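Written below as structure tokens is the structure these notes are about.
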Amino acid sequence: MEHYGLLGIVPPVLTIVLAFATKDVVVSLFLGILSGALITGGGNPAMALMNISDLLAGSLADGWNIRIFLFCALLGGLVGMLTKTGSAGAFGRWASSKLKSSRGSQIMTFIFGVIIFIDDYFNSLSVGTVMRPISDKSKTSRAKLAYILDSTAAPVCILAPISSWVVTVMSIVRDSEGFDKLGMSELSFFIRSIPFNLYALTTLLMVLCVILFKRDFGPMKASEALAKEGIFYNEEKYGAVSGNVREAVESRAKPVDMLFPIVVLIASAVVFFPVTTWLGSIDGEKITSFAQAVASTSFGQAFNNADSSVALCYSIILTIALTYIFYLVRGLMTLQESGEALRDGIKSMVPALIILTMAWSIGTIIKSPRSEGGLGLGIYLSAAVSDGGFPVGLLPPILFILSALIAFATGTSWGTFGIMIPLAMPIVTGLAAGNGFGQAELVKAAMIAVTSVLSGAVWGDHASPISDTTILSSTGASCPHLEHVATQLPYVAFVAVCSFCGFLIGGLTQSLAFCWITDLIVFASGFGILPKVFKD
């Protein structure tokens, strides 16, 4: 047996409960990892501690993880340079003179979040860095900023055909049993399935409605009320932020000094995405030069096949080097001050990096099969559905719930994609064929089923306290992590209910129109009622 059954739910539940009870995410994550290690180690404490050491080391031994780790640390160094020179404050003062209202700053955050769709980590950290001083000036709570960052990270990445997320999804879809019956490419399948992705699209609608109509409710309303009094986060209730770097009080910095590194970071990332693919395709035999590599792979293919962790790592190193020179030439820092700024900036990221590493570790022990030293929670939950023999019309809402549970418990949507899409595709194609579906009906049924997995996985990633994007959204906004989780949870739970209802009716009718009619009816009703009944 490749799983531990219901015992697999112990670590995520324990972590979440302890996080809210103790307000200490690091301790809660450690105890959650420890509980999982005790289960897999047969209750032996010594074995459990050795397993934890291996888990933490294994998380950072992974090439993708360590590059993201370095990207986050170095981005902290870049933020240290921005704040040391007063560049962030200069840009914030300039932008606040143009954006007089909280609504204006929130709309700008939303637009930036949609535009920067390459990678969810890049989105949360870079947009948060730019918009935090502007949000403070307009008296927008850090919790609201973190919510907008989080809502334009994974939900936008899963909709953009050139994001690292979608490349992963397409590769899993392509390799799934039954996909060949659909008679189309994986890219065509993805693009045509975008309108069915209810959770991601409804999330963006929710953010816009909250901003435009100021219909806050629950803990977010309380955080927004405090922000109007100049208190941008509730440290007493939710704990301290991950860390801040002091900004220079007096500075000759101008808005361009803030924009320069951000533009370089975005532009270099866009360039490095295809370049890293071309460089990686040089094998010394068939392809021996960069020019041959460029000729052999189109820009679009090279961009889609890029390793985002490599591209982001290259881009942040180049950005720091150019910004370092730029600030020295501008006379904003001395050599000694630049070193101090980098050190202080990286130091401010340490708490977030610890949480990120531990979140990777608990995700690994939860989702890995028993044969690999994990609990196999995803395998257990997946088997519960496949053994149930559900009718094809009920698959979408069931797949949505199951994917949401797995992603919420593990804190990862990518892992959920890998578990659930290979399960959903053969089930839906098999059931559709058994029910006499034609080709058009088969394709539609597959799209609804797969996008229900994507929607559920993105919801779990969006809502989970141990999700890396949730953690990085808190970091980007300099918001206490638990405040971000508590304030956004009612919003994302409401959107999940709308999406579930849409998938329920859409699955039964196999109709995109009925999916959206149901979703929007529930959304309009709830959006009108919830602010009146759910005040805090």
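All values derive from a computational prediction rather than experimental measurement. For the numbers below, each heavy atom of this structure counts, side chains included, while hydrogens, waters and symmetry mates do not.
Between the Ser464 side chain and the Phe408 main chain, a donor and an acceptor come within less than 3.5 Å of each other. Between the side chain of Thr470 and the backbone N or O of Ile466, no donor-acceptor pair lies under 3.5 Å. Ser467 places a side-chain N or O within 3.5 Å of a backbone atom of Asp461 that can act as its donor or acceptor partner. Looking at Arg142, its side chain never comes within 3.5 Å of a backbone N or O of Pro480 through a donor-acceptor pair. The closest donor-acceptor contact from the side chain of Ser403 to the backbone of Gly456 lies at 3.5 Å or more, if one exists at all. Panel note: side chain Gln292, backbone Thr288; a donor-acceptor pair is recorded below 3.5 Å. Formation of a donor-acceptor pair under 3.5 Å by the Asp344 side chain with backbone atoms of Gly80 is not found in this model. Checking side-chain atoms of Ser315 against main-chain N and O of Leu312 turns up a donor-acceptor pair under 3.5 Å. Checking side-chain atoms of Ser138 against main-chain N and O of Ser135 turns up a donor-acceptor pair under 3.5 Å. With hydrogens and angles ignored, the 3.5 Å screen pairs a side-chain donor or acceptor of Thr276 with a backbone N or O of Phe273.
Below 30°, between 30° and 60°, or above 60°: for Tyr147 and His462 the angle between ring planes is below 30°, a parallel geometry.
Atom-to-atom distance recorded for Ile317:CD1 and Phe71:CZ is 11.0 Å, nearest 0.5 angstrom. Atoms CD1 and OG1, from Ile362 and Thr357 in turn, are 13.5 Å apart once rounded to the nearest 0.5 Å. Separation of atoms CD1 (Ile262) and CG (Leu259) is listed at 8.0 Å; rounding is to 0.5 Å. The distance from atom CD1 of Ile287 to atom OG1 of Thr297, rounded to the nearest 0.5 Å, is 6.0 Å. Between Leu472 atom CG and Leu75 atom CG the span is 9.5 Å, to the nearest 0.5 Å. Atom CG of Leu55 and atom CG of Leu34 lie 11.0 Å apart (nearest 0.5 Å).
Annotation: side chain of Ile158 is in contact with side chain of Phe417 (closest heavy-atom distance under 4.5 Å). You'll find the side chain of Met206 stays beyond 4.5 Å of the side chain of Ser151, heavy atoms only. Considering only heavy atoms from C-beta on, Phe30 comes within 4.5 Å of Ile52 through its side chain. In this structure, the side chains of Val264 and Thr323 stay at 4.5 Å or more apart for every pair of heavy atoms. Taking 4.5 Å as the limit, some side-chain heavy atom of Leu342 sits within range of a side-chain heavy atom of Ile320. Looking at heavy atoms from C-beta onward, Leu60 lies out of side-chain contact with Asn65 at the 4.5 angstrom threshold. Side-chain contact between Val458 and Asn197 is absent, with no heavy-atom pair separated by less than 4.5 Å. With contacts defined as side-chain heavy-atom distances shorter than 4.5 Å, the pair Thr203/Val492 does not qualify.
Between Ser268 and Leu318, the shortest heavy-atom contact is CB-CD2, 3.9 Å. Here the closest heavy-atom approach between residue Tyr324 and residue Leu335 is recorded as OH-CD2, 3.3 Å. The minimum heavy-atom distance linking Ser499 with Thr202 is given by the pair OG-OG1, 4.4 Å. When every heavy atom of Pro261 is checked against every heavy atom of Thr319, the shortest pair comes out as O-CG2, 3.3 Å. Closest heavy-atom contact between Ala143 and Met220: O-CE, 3.7 Å. For the pair Ile211 and Gln106, the tightest heavy-atom approach, listed with the atom from each and the gap, is CG1-OE1, 3.5 Å.
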task: Dump the intermediate steps for side-chain contact (heavy atoms from CB on, under 4.5 Å) on Asp216 and Tyr491, then the final yes or no.
output: CA-CA 9 Å; Asp216 288 307; Tyr491 290 17; 2.7 Å; yes

message: Checking Val173 against Phe189 for the side-chain contact (heavy atoms from CB on, under 4.5 Å) test, could you report, in this order, the C-alpha distance in whole Å, the side-chain angles of both residues, the deciding distance, and whether it holds?
response: CA-CA 9 Å; Val173 166; Phe189 177 85; 4.0 Å; yes

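In summary, Glu224 and Lys144 engage in a salt bridge, as defined by a charged side-chain N under 4.0 Å from a carboxylate O.
Evaluated for a ring pair (Phe, Tyr, Trp, His ring centres under 6.0 Å) with Phe494, the options Phe527, Phe523, Trp459 yield exactly one hit, Phe523.
No more than 12 heavy atoms of other residues, nucleotides or ligands sit less than 6.0 Å from atom OH of Tyr314.
Under the salt bridge (charged side-chain N to carboxylate O under 4.0 Å, His left out) criterion, Arg330 pairs with Asp257, sequence neighbours left out.
Judged by distance alone, the side chains of Ser193 and Thr451 never bring a donor and an acceptor atom under 3.5 Å apart.
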